[in-house]
Amino acid sequence: MSFLDELNPIQYEAVTNINGPVMIIAGPGSGKTRVLTYRIANILKQGVDPYRVMALTFTNKASAEMRERIEKIVGAEARNLYMGTFHSVFARILRMEAEKLGLPRNFTIYDTDDAKSLLKTIIKEEGLNDKLYKASNVYYRISSAKNALITPEDYLQLEDWIEEDTQAGRPKIAELYAKYTLRCFKSSALDFDDLLMKTHQLLHKFPDVLYKYQNRFQYMMIDEFQDTNYAQYEIVRLLAAIHENICIVGDDAQSIYGFRGATIQNILNFEKDYPDLKIFKLEQNYRSTEYIVNAANNIIKNNQAQLKKKIFTEQLGGEKIKVYRTASDSDEARMVANAIFEQKMRLHIPHSEIAILYRTNAQSRSFEESLRRLNIPYKIYGGISFYQRKEIKDFIAYLRLTINPNDEEALKRIINFPARGIGQTSIDRMIVTANKHDVALWQMVDYPEGIEDLQGRGKALIKNFSIMMKSFRAMLPNKNAYEIADYIGKTTGIIDEYYKDKTIEGISKFENIQELLNGIKEYSMAEKQEYEEDEVRPENDLAAYLQQISLLTDQDDNNGDVTDRIKLMTVHAAKGLEFDSVYVVGMEEMLFPSALSVLSREDIEEERRLFYVAVTRARKYLTLSYALSRYKFGQLNYCEQSRFIDEIKQENIILYGQKQTTSPSQNSNFSKPEPKWYQSKIKEQAIASQQHSIPATLTKKSTADTKPNIEQAGSITTELKIGDKVYHDKFDTGKVIEIEGIGINKIATVFFNSHGNKKIMLKFAKLQILE
DNA sequence: AGATTGGCGCGTACG
DNA sequence: GCGCCAATCT
């Protein structure tokens, strides 16, 4: 009995064909992780050295899960696989080869905040308008360039890129990119995108290095290939060039990260680069019932850019997909909460098997309120992670600066935190002098006498700071990470700072720092990973610790999952997950699909794939909902059913709420005009997508500013409350003065302006709540 | 220097 | 409608 016996015939082929280029198209719920892990296990069972197998994923979670599952089959050997995220695997290679690129091997990895903060500094130094040159904007542009392997020198020459910047009113991006790159170099820092671009440069510029790794990596596997960008693909292609045992796994229909640089073309055109490609399509869905799989197929059929496949399931029957149409966003939230409550009663599904998925994070609020009202426990996913918190970043900045004195962003964070009298003016003077002499900022801390236009007192305070930092560095050779961190916490006063603060936030910050210290302690006490003979080891324990956490997020933190709670998250965050019951909410034009996507076919297709992802998360029960009116940016907007709902065949759906009686074309209750800034953003988007899109009218909506057509806006109002203003078909408007009964048997007493008090049974009446 | 208020901006997100 | 940042006050 082999582990291979657990596979269906196509899965088996995908697992056992280990040589030559292979593409595995893995539909939703098709057993992808199993195939991937078994395939690697199978390679190892053939006697291949794990050290010669590279497996790349996008998330730490995915790689940890895979490693664990492979270890179950082949044992501890799995630990020596070259497996991890693109960023962590490439960072490891870059550290080994750092000196070739003129970097110290302790280089710092700047996260997005560090990068934006540096850009902000540079924009200010250049005297540019920071309303126009927003750090996030510039960062996005630089990131796109790096993902496309465009260096600052290239950028300065690229007419179309500069033209695009000029159109957006930001012609100086290329210069900022060049300055930013220089500044990162002076800080001995690489940002996330550099980890890819510099790896490519390393392999491209140093044939001996390329040859070494090409030879070493006999087998390569890439997960979620539809999410790769140009840089990632180029690196992989270079590395696989000798053995050509490259296996990519993915699903073009689930490509939803175009906005962060992913090119769906990588998977669509893969066959062109590897004519001998063997293709295996995992089309059997083991997750969902028939209606759900059918609906998913109905939806994705409308996309042009896709590989041919037909997903099927053997789980016939099941419940049809419910579509709830409600009068307002708050109605939608109440409706969904009630439905969850009812579903829970009827089917006894654990809370944790129910998810509410939305397009934008802002939508979570109304659901929080409605769930709380019914005492349904919930957890919102997304938001800032542990390592993003200010207090954690501050503490880590001390550790970073201890390891890498050149780290300008770490230095700026903590030189005056906790307060030690080194104000913004002093820091600005330091930066000016450092730039003038073209040295790292730390040089000025080290030699404050040289800072221009600074009082003696300021210089003395900086000197003290420098002495303190040096005392930390002196501990590196013979103290472990925890001993140093503990000492830093006590010496700098950072722990006291939060200990003194007895506000709720202060206490939480104090606890977070304690948690961080516990983590460091655990790390320092733990057995360390083994390094290959030729691998450069970190100089000391603290450096090793920092290397580990700089590429970590706490997405795989399971602390919150112990309690049985409903899960609320964006559709993006739900990718790769599954639930018994899924609610996809806000199914409206201009929301899902997003208003910013309706201008180009490519963008709409990505939204459609996103909806496809949402639908295929459900095992047994799927509910879609939308509202006819919704507050957006504090403004009431009238909404129209999402085109994606229309794409699902009627036979798979049951509609709740009244049917729309008029056709959209003669209907005037659509959108108010979007706010001005939003319109201009849409226009910007239009310019950005011009090169590759079909021209489209701005929106298909009328801009008439009319009230909703109440007759057709039927809603389900079992969640009515006293004081609500309501509309009734016969009695017109009135106010709720009493509610009796439970659930659908509720009876409301309503005082109607023209008819007086009436008792209304909610399950029959079409009461409409007016906001 | 630290707290408070006013104004502006608003998509989805992994390293 | 809300949260974050920056300018202003104390």
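All chains are named by letter (A, B, ...) in the order of the sequence lines, taking the proteins before the strands, and each is independently numbered beginning at 1.
Across all strands, A:S597 comes closer than 4.0 Å to no nucleic acid atom at all (heavy-atom distances). Among the atoms of the strands shown, base atoms are found under 4.0 Å from some heavy atom of A:L596. Within 4.0 Å of A:Y257, counting heavy atoms only, lie sugar-phosphate atoms of the nucleic acid but no base atom. Among the heavy atoms of the strands lying under 4.0 Å from A:K120 are primed sugar atoms or P, OP1, OP2 only; no base atom is included. At a threshold of 4.0 angstrom between heavy atoms, the contacts of A:F192 include nucleobase atoms, whether or not backbone atoms are also involved. When heavy atoms are screened at a 4.0 angstrom cut-off, A:T570 is found touching the sugar-phosphate backbone but no base atom.
Straight-line distance from the CG atom of A:L591 to the C1' atom of B:dT12: 12 Å, rounded to whole Å. When the C1' atom of C:dC2 is taken as reference, atom CD of A:E368 falls 13 Å away, rounded to whole Å. One can place CD of A:E605 at 22 Å from P of B:dT12, the figure rounded to the nearest angstrom. A straight line from NZ of A:K575 to P of B:dG15 spans 12 Å, rounded to a whole angstrom. Separating the CD atom of A:Q635 from the C1' atom of C:dC2 is a distance of 15 Å, rounded to the nearest angstrom. What separates CD of A:E497 from P of B:dG2 is a distance of 8 Å, to the nearest Å. As a whole-Å value, the separation of A:D130 CG from B:dG9 P is 11 Å. Taking atom CG of residue A:D227 and atom P of nucleotide B:dT12, one finds them 17 Å apart after rounding to whole Å.
Contact annotation: A:T85 side-chain N/O to B:dC14 OP1/OP2 distance is not under 4.0 Å. Within the 4.0 Å cut-off from OP1 or OP2 of B:dC10, at least one side-chain nitrogen or oxygen of A:K134 is found. Regarding contacts with the backbone of C:dG1, every side-chain N or O of A:R365 stays at 4.0 angstrom or more from both OP1 and OP2. For the pair A:N60 and B:dG15, the criterion of a side-chain N or O lying under 4.0 Å from OP1 or OP2 is met. For B:dA13, the OP1/OP2 oxygens have a side-chain nitrogen or oxygen of A:N361 closer than 4.0 Å.
Taking atom C1' in both C:dG3 and B:dC14, one finds a spacing of 24 Å when rounded to whole Å. Taking atom C1' in both C:dC5 and B:dT12, the straight-line distance is 23 Å, to the nearest Å.
For the atom pair NE2 of A:H200 and OH of A:Y230, the computed distance is 6.5 Å after rounding to the nearest 0.5 Å. Rounding to the nearest 0.5 Å places CE of A:M197 at 11.5 Å from CG of A:N229.
Between A:R413 and A:D113 there is no salt bridge, since no side-chain N of the basic residue sits under 4.0 Å from a carboxylate O of the acidic one.
The aromatic ring of A:F259 stacks onto the base of B:dT12, its centre lying under 5.5 Å from the centre of the six-membered base ring with the two planes under 30° apart.
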Let me see the working for A:D252 and A:Q226 under side-chain hydrogen bond (donor to acceptor under 3.5 Å, both in side chains), right down to the final yes or no.
CA-CA 6 Å; A:D252 55 297; A:Q226 76 284 353; over 6 Å; no

A:Y110/A:E408 under side-chain contact (heavy atoms from CB on, under 4.5 Å): CA gap, chis, key distance, verdict:
CA-CA 10 Å; A:Y110 275 177; A:E408 178 175 331; 4.0 Å; yes

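Side-chain N/O atoms of A:T59 and base N/O atoms of B:dG15 include no donor-acceptor pair closer than 3.5 Å. Side-chain to base pairing of A:E607 with B:dG11: one donor and one acceptor N or O lie within less than 3.5 Å of each other.
Below 30°, between 30° and 60°, or above 60°: for A:F417 and A:Y498 the angle between ring planes is between 30° and 60°, a tilted geometry.
Each of A:Q424 and A:L610 lies near DNA chain B, and the nucleotide nearest A:Q424 is the one positioned closer to the 5' end.
Comparing B:dG11, B:dA13, B:dG15 by their nearest atom to the side chain of A:H572 picks out B:dA13.
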